Structures are given as structure tokens and as C-alpha cells.
Protein chains: 2
Amino acid sequence: MGINKEFLEKALALLPTPAQQTVTVADTVTFSKNGLKITKHPAEDYRLRVLSRGDSICLDFGDHQVGYLHLKLRRVGGHSDAPVPLHIRFAEQPIEFFENPEDYRGAICSGWIQQEFLHVDLVPSELHMPRRYAFRYVKIEVSDISPSFKLAFDEIYCTAVSSADDTVLEPYSYNDELLCRLDKIACRTLHGCMQTVFEDGPKRDRRLWMGDLRLQAQANYETYKNNNLVKACLYLFAALPMPNGQISACLFLEPEIEADDFYMFDYALLYIPTLLDYYNATGDIDTVNELYNSAIKQIGIAEKWIGENGIVIDSEEVGWRFLDWTAELNKQAGSHGVLLYAIKKAIELAKITNDEHTVKLLADKHKKYRKAALDVLWDNDRQLFISGKERQVSFASQVWMVLGGAVEGETASKLLEQIKKQSDAIGMVTPYMYHNYIDALITAGDANKALEVIKSYFGGMAELGADTFWEIYNPENPDESPYGGTIVNSYCHAWSCAPAYFLRKYFSK
Amino acid sequence: MGINKEFLEKALALLPTPAQQTVTVADTVTFSKNGLKITKHPAEDYRLRVLSRGDSICLDFGDHQVGYLHLKLRRVGGHSDAPVPLHIRFAEQPIEFFENPEDYRGAICSGWIQQEFLHVDLVPSELHMPRRYAFRYVKIEVSDISPSFKLAFDEIYCTAVSSADDTVLEPYSYNDELLCRLDKIACRTLHGCMQTVFEDGPKRDRRLWMGDLRLQAQANYETYKNNNLVKACLYLFAALPMPNGQISACLFLEPEIEADDFYMFDYALLYIPTLLDYYNATGDIDTVNELYNSAIKQIGIAEKWIGENGIVIDSEEVGWRFLDWTAELNKQAGSHGVLLYAIKKAIELAKITNDEHTVKLLADKHKKYRKAALDVLWDNDRQLFISGKERQVSFASQVWMVLGGAVEGETASKLLEQIKKQSDAIGMVTPYMYHNYIDALITAGDANKALEVIKSYFGGMAELGADTFWEIYNPENPDESPYGGTIVNSYCHAWSCAPAYFLRKYFSK
């Protein structure tokens, strides 16, 4: 396909330079760990400390920050006659400090561990660290120091960056303290992820992912209303399709603008509802007209994976279908549900652009694939959708069938009750999947049940001290990491901003 | 005393900005170690290597360099989707690579270990490392890397810096290949140490020391002739005396100009011959006139430590007297010898400035302290000078008594033979002490013996692969470190440039 230069230029012209804000240290602290429980203790103000070899300070910036660290160093005693090696660690959550980076053996590159080994050649001096970090806590250890002098800090501060403007954020009010707290945490999550693009996580991977963008954009319309940022990202995806025209799964902006090289069946289709959501939030028909073709063609690309029975085939050939981080999840039914959902949303887009021919064509397709789902994937005995030749039962399958309109109303509501009773059902592990689950409950008319899920699932993270919502949260094992260490977990993750969207849209007074 | 601002301004105006030179990699190599023997092997050109996790390259810059490293990085494979942690080590001598920095437990600050742990956020990119290093070899290890891509280097080069101009260096010729080689190594040593000031070592401590300056200036007059650099340093020391007027042992230029806070008996006195040498090399009488008082007053300050017997007292009260790095060395006789030497040189300075009164005064002092040395420290049975109440016998004592003129001519020559026969004599460990030993042999009329010492001692380092001469060299234990690890040893050390001075002055054709 190549790059659509016109779209790319439009996108680049819209990309913001994140605003800067100076944030000072809120508290000097220490942490202790007893079993799984981590306790924060007040400590002597860092400005009063005089540090020798092996001494350290731990700083609390009061809330989750994304930005750059600055240190003003002073010496106590004789002349600084040797470089001072410092070990500086950044943590979104205190648990990260209780893992030794050297012990990390996970699959994901250890380059994501937020730490630096620096040399300060001269003291007094100012140290302006050039790399960006995501953190609430910073630990600075004096690895060694010449016996001639000791180290002290006159001031440590952070230049926080974001494209989310807190001054436009309207307060959320509801007669429930927990919900207000969840909204606040979700807004902070989105705030950290809104940079030059919508990043998936400001600690890691910092990329624009199509699947994450949809959820961030939804939360953005209810909160920071930086609609041009959504528009820029929509143009970026339209500008950089895969060779077959499929919307890319994720994009890099640096060192050069490039799409990653793998195909994602579900993420590509989710471009369609994202464009529709953008129109519904902004009424910007020009953008819809320009990006319409890029969106609609995703249906045809996905249809190549429909088998003779009218269902998305159960094969790795389809490419990566994310749905959730559960390794054992069979993704056939979920993928089919995503396709139905995308067709439903594409019909709305076609109506908006007065493309009557396509409206009819897509309506026929939806009818046909819906029927196939009910014929092939519906297990009448279990009253559930199954997936794959092993006839696997999962939350993901039911959720996407509901969102895709395979079942509706009372039937959908019953289905979402039915899945909860299955002891063999594959559960959900990511807030991304929970977002869609909550959406499905609301779609099925069960808003109150949706609210309960928000309270219990996101409330669980809040209970554990989340300042921002996490990439992964398994209530059974809060410190679980799919990567082999909490030090590479992303504790401020775009796809976890659901509460800000659902609460403000459906549960506000 | 405070700072003499006039002198300081003169000094600062004379300080050079070291010239820059781009140096490319000479060879890609590997090293192996068998017992004490290290062997260098050729390796595939670094530009052809494609590096995965744990891979490394080792570069040979062909000669000792002082400067900054630049890397042009390229990726092979997919987009760079995670920071690449690199471990970069610099070595003056290959032995340093065979020590694990983590095992270092020495007394000197580990901040001097020349290594960095860096993150490269994006590839392709250029990495311009901001800190200065002293090295011939660089080892770069890819500590980890995302499985999406591999790392390659398009180019690695160094911006070498020095205030020594190789174009003014006249070739040294003598009908002896070894001597030509020793001169070359000595010149390279001086070259590395000539920066904004004469540094003691460009790897570590990078400071202007009075004792080192004397020897560097001597070698400079015979080689790079950057006489203004000597002048600047003489003004710096005169500008920043200790509170009692004593010349400081060493100075820092950054982050602010300051003298270190300890007193050194011998180094302060050695300001006098350094000023005299400068005059003899340049004829710059104005500078001598300006700095004369600063120099001459060192005699009076040192005399406060003369005991009733006319000899420098044997006490720690005198402050640090360096002489050599031998812990067991008693420094009484050596200190007395340094005082005699300084007075001898001060007399010459006083003659140059036509200060007849001082000439006479100093001549009387020299006579008096020389007589005291012969009365109190001369052991007639052993035909040697002893030192301290334990009547210790050492090379240092005899050397400084010869340089100070306590004995002369045939007696001096016999004395320097006599000390070699003593099984209990404290030997010499630093090239600094060897420099004075060689000087004493020449003073005693034994130039040929001096040449043999140059050949055997400095030749020993050359034999072991020195590109520059070392801070410490003990022929009995070449890998000895007074600091607890070769990784903090300085292998390019100012006080080791003796061959360039002695060979060019006394042994050239």
C-alpha cells in the first residue's frame, strides 16, 4: 500500500507538543515489606540528608508523573575529587523497589527497567536527566563516594509532560466516594498516556496501538476533550496501512514513522468504531469522509478469513487476534464477534456518509454472519457460544457476541449471567477485556451489573494503592506479571481508563 | 593567605583549550588470558557484526587516547521497539577487562572505574558520550535487546583531546631501538596528561599536582614545548597558597578553582626547582620576578620543621611527605634531602634575580643543613644515610641526599652503588621515585648507569605492552595496584614521562 503522504502530513500537523509542568517532591519516604504487604513510612526530608557511600533516599512525588528528573547536588566537606556513581530507580508502584533488576529474566527487554547508573563528575552541579520516565517514586542510592566529601541535594524536581489539560477536566460527581476515586485514578491514567500520541503506557511500550486508541478516545471525549489528538491518530493509522490495506496494529513515531510488521485481525477492525466514536463526539464529517474508505475496507480484508460455514476460521493463519492476555483462550468466537461489531458500526458510518449501497451490503453481511454464529457457535445445551474445535467456553466469546449483536436484549443479558456460572469458563485478565465486558453489560441493559464490575475490578486496584490503573490486574494474584517481573509491568496503562468513560457517560449526577 | 587574584587571572588567561582530533578504530580484537599472559587476537571488523543479547565487540584505537566516544548505531530487522541497554568499558591496558568492576572493593572511589551502563532509546541513532575517558581499548556489550531487532554499528570513533601539539615534536634518534621506543611511549604519556592543565593522569585523578608538574615541565621543554602551559600552572600554584603561604600540593579547576586542603612538605619545596627549570627553558625573567617571593618563602615555611639537631624532624606533624608510595618508608632523610635540593635551586633563582642578600643567606643555610645531615644522618659504618630513629636505610634517602648536594662527585657515585648492596634497603615503587633516582645518578656523574635504569625499569613496562607509562610499576609484581584493583590504576601517568626528558637531554645523537 505504501504511505498515504497527504494523510501523514495532516496527522503530523495535528500532533501536539506535550505541555510541561514542574512538580516538586511531596514527601521523603521509606518502604517496608511484610509478606505481600508494603507499608510507606515518613522519612527525614531529603534536603536535610547528608549521604555517604551506600546511603539512599526515596522520594514520593505525590501522584503518578510522566517526565524528566532534575537534581541539584551539593557537597558537604572537601572538594569533590572523584566521580560519584549514583543508582537511580523509578517506580510507578512501590513493589518495583522490592525486585532486584539483576534477577530479572523475563521475556520482555530489560531495557524497560526504569533505572540508571550515572556518574556525577563534579559537585556542586545540576543533573538534568535526559530520558523520560513514568513514576511516582524515585530512589537514589549513592553507590560510592570519595571519602573527601559527602553528597546532599538542594532540590529535586520533575518536569512532568502530558497533552491532557487538567484545566478542561470537569469534576466528576456521584454520591459514592469510591466511584469518584475510580474516576480520578482513571483520569490520571489517561493523563499519563496522552503524550505526542495516545501511548499504550508511558513506562512501556509508549506506542500508539489501535486497540488502546479506541478506549482512550472514548475516555478522552468524556474528560480531556483533546479531540485533535484522536484525529491525528486516526490519520496516522490511515496513512500507514499494512501492505494489504489492513489498518496496522501499532505505530512508531521515532526514530522514523513506521507501522510494526504484524497483522492483528481484531485491532484492524476496531478502527471502524473508533472513527464512528470520533464522529459522534465531534460531528467532524470532513474527517469521516476522508477516512471512510480506509475504515470500510477492513471488513473485506477480514472476510477473507471466513470459512465455508460463514465463521472466522479457527487458525493461526488469521494472524494475531488479541482479545485478552489469556494464553489458553480460543479466539475464534471472539474474533467473529469483533467482526460483527465492526460491521454494525460500519453500517452507522455508511449511513452518516449517505452511502446507501454500502449500508445495504453491510446489513446483509451482518445478518448472514450473525446467522452463522448462531448456527455454528451456539451450544443450545449450555446456552452459550463455544469457540474452536474444543468447543471452549469463555467470557471473551460471549462479550464480543453481545457487542456484535449476535444476541440482544434479554437474551444477551441472560448469556452474560450464564457465563458466570460456568466453572470451566476462561476468565478475563486485562482491564482491556473488562472494558469490553462492562460495555457488553451496558449493551445488554445491565447497567447496574456493569457498575458492580467497575467497583469490584477497578476498585480492587484502588484498594491495592493504584494511582493509575494497570496493564494487568488479576484479583487472584495482584502481583502477576506476564513478563516475568513487576519491574517491567506497566502500572499506568491506556486500556485501563474505563471508569472515566463509563462513569462519566452513564453514572454521573 | 587567600587567593592572589592577579596571579589567578594571569593563569586563567593562559590556560589552553585542548585541541581535538578525530581518531577512528584501528582494529576489532578479542583478548584471552592464560595465567598472567594476555594475548590479543584479531576479530571480525565491528562494522560487519550484527549483535544480539549478550554479544560484545572490543575495539582497539591503536594507541592511548584521551577523549570522547561517538557511536553511530544501526538496526538490523524490525523497528527498535525497546531501549537497548549497553555496557561500555574503557581500558588503558587489556588487564582491566579481566577484572569484574562489581568485585572491586578498593579504597579509592569506584566512580573512577571507566564504565557506563547506558540506554539507547532509538535505533538508528548517534550516541555522543559526554564524559571523557582515557583508553586504547573499548568494549561494548549489548546487555539485552528486544527480539524484534539486532544492533549494528556503522561507525565508532573518538574525539581525542590534548594540549600537546604533535607537529612541534622533533623526532628522537639514538642508535638503539629500545630507547627510541621508550621515548615514544614517554611522549605519548605526556601527550595524554597535557590537557587544560598538566594532569597527573587523564584516567584518574586528573588533577594538577605540584610534584608531577615538575617532572612534566621538564619533559615538556624537551618535547612539546608548550611553555605557556607550565607558566599557567606556576601562576595557579602561586595564586592559591595554603593559609600559611605554603604552595598547595594539588589544585582543582572545577567545579570551582580550589586547592586541596592538605599540606605536603616535599611538593611545596619542589615549586622552587620548577620555577628555576622554567626560567632555564624560557629565559622569562618577568615571570621569575613575579613568582620569586612565592617560591623563596617555601624555604622558611619548611625550616619550621627543623629540629634542634638541624635536621627535619621525624614526625607526622610535618604533614604528608610523598617521596614514594612505599608504606614502610621513613621519610626524615628524604625530606631533609628535598630541603637541601630546594635551597640549592633557590640560590640559583636568587642569583638570577640579583638578590645577593638571599644568595648569601641561603648558601649559609645549605652549608648548615648539609653539615647536620652528615653529622646526624650519616652512618659511617654502613657508608650510607640513615633515616628516623630506627636508622632505616632506603634508596629515597640516598637519592635526595645526592640531589640535595649533601654528598657530591665520587662520594655520591659510591653512595648510589653502596645502597644497591644493602639487603635491608627500602626500594622504589613509583616511576616518580625512579625519575629522581635517574637524576641522582646523572648528578653523580653516572650517566651510563642512569641509562641502564631507564632501559631496565621503563623498558620493563614497554616489554609488558605499555603504550604509555604507568603510575605504579613494580618489576616484581607488574599487576600491583595500591588501590585494590587494576581497573582504577592509572596507566598513563604524568610522573612517568622521565625517558622523554632524560633521553632527549642527555642521550641523543
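Only a predicted model underlies this, so the values are computations on that prediction, with no experimental measurement involved. Letters A, B, ... are given to chains in the order of the sequence lines, protein chains preceding strands, and every chain is numbered from 1. For the numbers below, each heavy atom of this structure counts, side chains included, while hydrogens, waters and symmetry mates do not.
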(request) Spell out the residues in residues 145-152 of chain B that have some non-hydrogen atom less than 4.5 Å away from a non-hydrogen atom of chain A, in order of number; otherwise answer 'none'. (result) B:Ile145, B:Ser146
(request) Counting only heavy atoms closer than 4.5 Å, note whether B:Ser80 contacts chain A via side chain, backbone, both or neither. (result) both
(message) In the structure I gave you, are the side-chain heavy atoms of A:Pro255 and B:Ser125 within less than 4.5 Å of one another anywhere?
(response) no
(request) Please determine which of B:Arg207, B:Glu254, B:Glu258 meets the side chain to side chain donor-acceptor pair (under 3.5 Å) test together with A:His79. (result) B:Glu258
Output side-chain donor-acceptor pairs under 3.5 Å for residues 109-118 of chain A, partner residues at least two apart or in another chain, one line each.
from     : atom 1 : to       : atom 2 : distance (Å)
A:Ser110 : OG     : B:Asp144 : OD2    : 2.7
A:Gln114 : OE1    : A:Ala134 : N      : 2.8
A:Gln114 : NE2    : A:Ala134 : O      : 2.7
A:Gln115 : OE1    : A:His87  : NE2    : 2.7
A:Glu116 : OE1    : B:His119 : ND1    : 3.2
A:Glu116 : OE2    : A:Arg131 : NH1    : 2.5
A:Glu116 : OE2    : A:Tyr133 : OH     : 2.7
A:Glu116 : OE2    : B:His119 : ND1    : 3.4

(request) Measure B:Asp121 against the heavy atoms of chain A and call it side chain, backbone, both or neither at under 4.5 Å. (result) side chain
(request) Sort B:Val123 into side chain, backbone, both or neither according to what part of it lies under 4.5 angstrom from a heavy atom of chain A. (result) backbone
(message) If we define contacts as heavy-atom pairs under 4.5 Å, which of B:Arg206, B:Arg204, B:Arg75 has the most with chain A?
(response) B:Arg75
(request) Answer yes or no: are there more than 12 heavy-atom neighbours, outside A:Glu256 itself, under 6.0 Å from its atom CD? (result) yes
(message) To check you understand the geometry: which heavy-atom pair defines the closest contact between B:Arg53 and A:Ala107, and what is its length?
(response) NH2-O, 4.3 Å
